[in-house]
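Data first, discussion second: the structure below is written as C-alpha cells.
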Amino acid sequence: MSDLTAVLADIGIFVCVPWVLWRLLGRVIPIAVIPILIGIMAAVWHLPLKELGIPSFYGDTIGWIAVLVLAFTAGMEMWQHPEGQTTENALPKPSLARLLGGAAMALGGPFLIGTILVYYFFLPLPGWHAPAVTPAIAAASIGLCIAVSALPVLIGIVRELPIADRPIGQLALKLAVIDDATLWIGLALLQFSAERQTAMHSWGLREGGAALLLIALAVGGSLASRHIRNPPRLLIWAVVPLYLSLGSWASMTLGLHELIGAYFAGAFMPPSWVRRLPFEAISTLALVWVAPLFFGHSGMRINGDALTWPSVLASLSLVVISIVVKMGSIYIFPPTAGLSRRQTLGLGALLQCKGLMEIVAATILHEQGMLSEFAFASLMVLAVISTLLTGPLFHLLKPRRPVTS
C-alpha cells in the first residue's frame, strides 16, 4: 500500500470516524476518548490494520507534532487566566497560599496514596513489574498517572457548563494548571531518578549547552515580558516555532522526553505575547483534527493480550482509587474557604478527569521502560473511564439549583 493511501486510511479511521461519532453522540463524550477506544479495540481484537499500513509513518509523525503543539499550548496557558469574565455565582476568591495548598493536596494525596497502594498490591501481580526501573520508581510512575488532572479536556468541559456551574469549573481550571505544571516536573524527576547512575556522568558539552539553552529561553521570555510587551505580531509568530523546537531539542538532549521541553518552552513564552495569539484555537485544532492520530496509535500500542479480565479489574480498581482519593483530598482541604459539601464534591469530580494528559504521561513512561505492558494497558483504560465519568459524576454531585416557577 502506498504512503498516501496509508495516511488517508489512518486519517479516516482515527480522525474522521471519531469526529462523526462525536457529532452523532451529541458531543457528550470528549473527542479525545474516541480514537483511543478505537485503537484499544483494534489491539484487543487483533484487527489487521497493519495490512492497511496503519499506523502510517506520516500519520504517526503528524500526530506526534500535534501532541507537541498541545503540550506547548498547555504551557502557554499556565500564565493565563482561565476564569474569564464570569462573575455570576462567583465563589470566594482564594488566597495564593490557600490555592497552592489546595493544589498540593489535590495532587499530593492521590500521588502518595496511589504510589503506596500500587507498590504493595499491584506490582506483585504477574506482569506488572516494570522492565527498566526499580519497583519504587515504577510505583511512583503509576501514582503520578493516578494523580494527574486533564487540563486540555477540562477546558473543553468547562466551556460547555451552564453559567451557574462555571465558577466551580473555573476553580478546577486554576488547580489543573498547577497540577499540569507539577506533572511535567514530576515526569522529568522520575526520568532523572531512573537514570541517576548515568544521567549526570554522561553529560558533556552538548548536554551542558542544552541546559543553558533552557535557561536562556526562560530568561529571554522574562526579559521580553518586561521590556518588549507589544512586539509586531509577525515577530511573535516567528518566535513560537523557535521556542517549541529549541525546548523540545534541549529536553531530548538532556535525556528527557521532548514533550517536557515543549511544555516548559510554552510556559517560558512572555504572557503578554501569548495573549495576542489564538492559542486556544490552535489547541482546539490540534486536539480535534490532528492529535487523534497520536491517541489512536497510543491505543494500538498496548499489548492486546495484556488487556485480560484481571487487568480490566485492575483498571477498575485504579479508577475507584483515583476518584475516591482525589475527591477525598479536595474534601479534606478545599482550595478556597466557604465551599459547600456539594461544591467541593463537584470540584473533585472535575479534577478526577484524567483525559489526554494521563495518556501522554503513560505513553512517555511506557516508552522509557518505566511501565509494564499490563500497567500501560490498565492506565489507558483508566484514562478513558475517568474521562467518560467526569460529566455524569459532576452533574450528580454539583449543587442543586432551586426550581423556579
Side-chain angles (χ1 to χ4, degrees), residues 64-85 95-97 99-100 103 151-152 154-155 170 173-189 191-192 203 205-287 290-291 357 360:
W64 172 242
I65 293 173
V67 174
L68 278 174
V69 171
L70 281 176
F72 186 73
T73 56
M76 289 196 294
E77 287 169 349
M78 180 177 177
W79 304 113
Q80 304 308 307
H81 300 285
E83 66 271 18
Q85 303 299 321
S95 65
L96 180 60
L99 185 67
L100 292 176
L151 177 60
L154 265 183
I155 291 173
Q170 292 156 2
L173 288 180
K174 291 180 181 179
L175 295 174
V177 167
I178 300 171
D179 285 0
D180 208 37
T182 308
L183 164 69
W184 296 103
I185 295 172
L187 284 172
L189 292 176
Q191 289 189 63
F192 270 126
W203 273 33
L205 184 61
R206 192 164 178 261
E207 288 76 16
L212 290 176
L213 177 59
L214 286 175
I215 296 173
L217 292 177
V219 173
S222 177
L223 291 175
S225 66
R226 296 178 186 177
H227 303 294
I228 317 176
R229 296 186 62 85
N230 295 298
R233 193 180 296 270
L234 185 62
L235 175 62
I236 300 176
W237 279 107
V239 169
V240 165
L242 187 66
Y243 258 62
L244 173 58
S245 57
L246 290 178
S248 302
W249 176 85
S251 65
M252 179 184 65
T253 302
L254 293 173
L256 303 174
H257 204 279
E258 297 96 316
L259 287 171
I260 296 174
Y263 176 85
F264 284 106
F268 294 154
M269 284 285 295
S272 60
W273 293 23
V274 172
R275 282 192 287 271
R276 298 177 61 192
L277 292 173
F279 65 90
E280 290 184 359
I282 296 171
S283 178
T284 301
L285 175 67
L287 177 63
V290 193
M357 282 297 101
V360 171

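Under the side-chain contact (heavy atoms from CB on, under 4.5 Å) criterion, Ser251 pairs with Leu256, sequence neighbours left out. Scanning for side-chain contact (heavy atoms from CB on, under 4.5 Å) contacts around Ile228 gives Pro231, Trp273, with sequence neighbours left out. For Phe72, the ring pair (Phe, Tyr, Trp, His ring centres under 6.0 Å) criterion is met by no residue, not counting sequence neighbours. Not counting sequence neighbours, Ser245 has no partner by the side-chain contact (heavy atoms from CB on, under 4.5 Å) test. When the ring pair (Phe, Tyr, Trp, His ring centres under 6.0 Å) test is applied to Trp64, the partners found at least two apart in sequence or on another chain are His257.
Atom CG of Leu175 sits about 12.5 Å away from atom CD of Gln170, to the nearest 0.5 Å. To the nearest 0.5 angstrom, Arg275 atom CZ is 9.5 Å from Asn230 atom CG. Atoms CG and CZ, from Leu254 and Phe192 in turn, are 5.5 Å apart once rounded to the nearest 0.5 Å. Taking CD1 of Ile65 as the reference point, atom CD of Glu258 lies at 11.5 Å (rounded to 0.5 Å). From Ile178, atom CD1 reaches atom CG of Leu100 across 5.0 Å, with rounding to the nearest 0.5 Å. Expressed to the nearest 0.5 Å, how far OG1 of Thr284 lies from CZ of Phe279 amounts to 10.0 Å.
Not one N or O on the side chain of Arg229 forms a donor-acceptor pair closer than 3.5 Å with the backbone of Ser272. Listed for the Thr73 side chain is a donor-acceptor partner under 3.5 Å among the backbone atoms of Val69.
Residue Leu277 comes nearest to Met76 through the heavy atom pair CD1-SD, 4.3 Å, listed as atom of the first residue, atom of the second, then distance. Shown here for Ala188 and Ile260, the closest heavy-atom pair between the two residues is N-CD1, 3.8 Å. Nearest heavy-atom pair, Ile185 versus Phe264, reported as atom, atom and distance to 0.1 Å: CG1-CZ, 3.5 Å. The nearest pair of heavy atoms linking Asp179 to Ala103 is OD1-O, 3.5 Å. Across all non-hydrogen atoms, the minimal contact from Val177 to Tyr263 is O-OH, 4.2 Å.
The side-chain heavy atoms of Trp237 and Arg276, taken from C-beta on, include no pair separated by under 4.5 Å.
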Only distances under 3.5 Å count here; give the side-chain donor-acceptor pairs of residues 212-225 to other protein atoms, sequence neighbours excluded, each with its distance to 0.1 Å.
{"from": "Ser225", "atom 1": "OG", "to": "Gly221", "atom 2": "O", "distance (Å)": "3.4"}
{"from": "Ser225", "atom 1": "OG", "to": "Ser222", "atom 2": "O", "distance (Å)": "2.7"}

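Among the candidates Val67, Leu70, Leu187, the single residue satisfying the side chain to side chain contact (heavy atoms under 4.5 Å, CB included) test with Val360 is Val67.
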